Amino acid sequence: MSGIKLADTMDQLLPLFFEESFSEFFLRRDEQGKIEELRVFLRMGERGLSREIPTELTNMCMICQGDQVLVQNRRGHGWPGITFPGGHVEPGESITQSVIREVWEETGLTVVHPKLCGIKDWLQDDGSRYIVFLYKSDTFSGELKSSEEGEVFWANRGDLPSMNLSSGMEETFRAFFEDDISELSYYREDPANDWQIVLE
């Protein structure tokens, strides 16, 4: 539901009771009983209240080998730089299956029992939600090879901060490496503003 600030008089609220999109309202008064704030909540969708929003599901996997991690130097102009392998969840596959498939396609390695260690998410300007499921694994087989997505190679964990990282990877590393962080989210009140980072 979206909250819309309206008026400070009940006269302007009454007509909304006859609107099909009307769902509920929130009212706050001051000590003198005057209305300080009025918020009206509208139903989303033609069939009334709905929590359904378009969502794009993706994954990312950190593959560990001792003090080293497997990184990918992504090509192209969309999101270049050093990151971890990953990609989109395809229709009909589980999140874990998508991780295994993406890692194999981009690195030539088959990870075994990748472990979910966090999520990364934000709301896009069109109102849809973008979710990245973060996995890690230290068990794998196969021969390392790069793909059209970018070159893959082993790097010392301590060297990561000084590398040419993809946008957002600095805070994403914290979700991978710090056990007390399970979610990295971004938000902004206006598309013209910078993204705010929340680690929880």
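As the structure is a prediction and not an experimental result, all values here were calculated from the model.
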Pairing of Asp121 and Arg129 as salt bridge, 4.0 angstrom limit: yes
Salt-bridge criterion met for Glu93 and Arg101 (N-O under 4.0 Å): yes
Salt-bridge contact Arg174-Asp180 (side-chain N to carboxylate O under 4.0 Å): no
Short side-chain to backbone donor-acceptor contact, Thr58 and His88, under 3.5 Å: no
Reported CG-to-CZ distance for the pair Leu165 and Arg74, which is rounded to 0.5 angstrom: 14.0 Å
Same cluster (ILVMFWY, side-chain, under 4.5 Å), Met60 and Met163: yes
For Val89, the rest of its hydrophobic cluster, which grows through side-chain links under 4.5 angstrom: Leu57, Ile63, Leu70, Ile95, Val99, Ile100, Val103, Leu109, Val111, Leu116, Ile119, Ile131, Phe133, Tyr135, Phe140, Leu144, Val152, Trp154
Gap between atom CZ of Phe177 and atom CZ of Arg157 - 0.5 Å precision: 4.5 Å
Whether over 12 other heavy atoms sit under 6.0 Å from Asp194 CG: no
Nearest-0.5 Å distance, CD of residue Glu56 to OH of residue Tyr130: 5.0 Å
Reported CG-to-CG distance for the pair Leu184 and Leu134, which is rounded to 0.5 angstrom: 7.5 Å
Between CH2 on residue Trp195 and CH2 on residue Trp122, distance to nearest 0.5 Å: 8.0 Å
